[in-house]
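Let me begin by presenting the structure, written as structure tokens, before commenting on it.
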Amino acid sequence: MAATALLEAGLARVLFYPTLLYTLFRGKVPGRAHRDWYHRIDPTVLLGALPLRSLTRQLVQDENVRGVITMNEEYETRFLCHSSQEWKRLGVEQLRLSTVDMTGIPTLDNLQKGVQFALKYQSLGQCVYVHRWSPEEAVRAIAKIRSYIHIRPGQLDVLKQFHKQVTAGAAKDGTFDTSKT
């Protein structure tokens, strides 16, 4: 199992720049091949690719982004994205929930941290940019907007487990109507 994880992490590192270049290319081509860099999911959440430095003004001024959730590992953001300190100087808080690209599965703890972070900014009327995110309805909603995102079975399993944990906790304290799940 440990060997598989190492191979997956190594593969993610090898493929990082080629897939980034591919994504950049798809953002520049016109027509059906075009992919927008990010999409607004709801009034609070923007879902997108790496929050590149070149998008800073657009994200902060035009989209009111005050929080960035990145599930990247440090090496993926080192040269092209702002560091946590740089985001802070721009009035934006960054939450890094490191997950191996393409094959990694976020932990339940990290999902909880991400949701709490987004809820904090929602309560302030501000936006959160999420790089990588999201049970079945959420996946379908995202797929309508970003049809090329593929949620693997292991990732969906963790999302279902997270959803079950959150709704069970909310049902206990009376803040969630379980008839809607």
Side-chain angles (χ1 to χ4, degrees), residues 1-2 4-6 8-9 12 16 38-51 55 59-60 63-78 81-88 90-146 149-181:
M1 189 72 143
T4 301
L6 283 174
E8 289 175 349
F16 175 70
Y38 67 88
H39 296 89
R40 181 166 290 284
I41 301 300
D42 66 21
T44 302
V45 176
L46 282 80
L47 175 65
L50 277 176
L55 293 173
L59 293 175
V60 174
E63 300 288 359
N64 193 31
V65 168
R66 296 297 179 266
V68 171
I69 299 173
T70 181
M71 298 181 79
N72 296 88
E73 294 180 280
E74 173 68 30
Y75 77 90
E76 295 174 287
T77 59
R78 186 175 301 136
C81 303
H82 293 294
S83 68
S84 185
Q85 295 82 10
E86 291 168 325
W87 278 119
K88 190 174 190 170
L90 295 164
V92 178
E93 181 182 6
Q94 180 187 40
L95 175 64
R96 180 182 301 274
L97 304 172
S98 292
T99 305
V100 174
D101 199 10
M102 295 182 274
T103 61
I105 298 171
T107 65
L108 286 173
D109 185 50
N110 277 353
L111 290 174
Q112 183 66 41
K113 287 177 186 174
V115 168
Q116 293 306 314
F117 186 85
L119 289 173
K120 174 174 95 173
Y121 286 94
Q122 180 185 45
S123 73
L124 297 170
Q126 298 169 334
C127 297
V128 174
Y129 186 93
V130 181
H131 176 62
R132 301 190 195 141
W133 176 59
S134 237
E136 293 83 7
E137 284 185 5
V139 170
R140 282 193 298 273
I142 291 168
K144 285 180 186 174
I145 298 167
R146 294 179 73 86
I149 290 180
H150 175 68
I151 305 295
R152 292 179 319 284
Q155 292 172 319
L156 187 57
D157 290 345
V158 169
L159 289 172
K160 288 178 183 177
Q161 189 178 0
F162 176 72
H163 180 259
K164 185 177 178 180
Q165 188 178 69
V166 169
T167 56
K172 278 185 195 173
D173 66 17
T175 60
F176 186 79
D177 181 357
T178 56
S179 66
K180 295 180 181 176
T181 62

To the nearest 0.5 Å, what is the distance between [atom1] on [X] and [atom2] on [Y]?
{"X": "Leu95", "Y": "Asn110", "atom1": "CG", "atom2": "CG", "answer": "7.5 Å"}
{"X": "Leu124", "Y": "Gln122", "atom1": "CG", "atom2": "CD", "answer": "10.0 Å"}
{"X": "Lys113", "Y": "Gln116", "atom1": "NZ", "atom2": "CD", "answer": "12.0 Å"}
{"X": "His82", "Y": "Leu90", "atom1": "NE2", "atom2": "CG", "answer": "5.0 Å"}
{"X": "Trp87", "Y": "Leu59", "atom1": "CH2", "atom2": "CG", "answer": "5.5 Å"}
{"X": "Asp42", "Y": "Leu47", "atom1": "CG", "atom2": "CG", "answer": "10.5 Å"}

- Does any non-hydrogen side-chain atom of Gln94 lie less than 4.5 Å from one of Glu86?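 Heavy-atom side-chain distance check fails, nothing below 4.5 Å.
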- Can you find a pair of side-chain heavy atoms, one from Thr70 and one from Arg96, that are under 4.5 Å apart?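 SC-SC contact between Thr70 and Arg96 confirmed.
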- Polar contact flag, side-chain donor to acceptor under 3.5 angstrom, Glu63-Tyr129: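 No, because no side-chain N or O of Glu63 sits under 3.5 Å from a partner of the opposite role on Tyr129.
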Taking all non-hydrogen atoms of both residues, which atom of [X] and which atom of [Y] are closest, and how far apart?
{"X": "Pro51", "Y": "Cys81", "answer": "O-SG, 3.6 Å"}
{"X": "Pro43", "Y": "Cys127", "answer": "O-SG, 3.4 Å"}
{"X": "Val92", "Y": "Val65", "answer": "CG2-O, 3.6 Å"}
{"X": "Ala118", "Y": "Val128", "answer": "CA-CG2, 4.0 Å"}
{"X": "Arg40", "Y": "Leu46", "answer": "NH2-CD1, 3.3 Å"}

- Exam field: side chain Arg66 to backbone Val60, donor-acceptor pair closer than 3.5 Å: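 Present.
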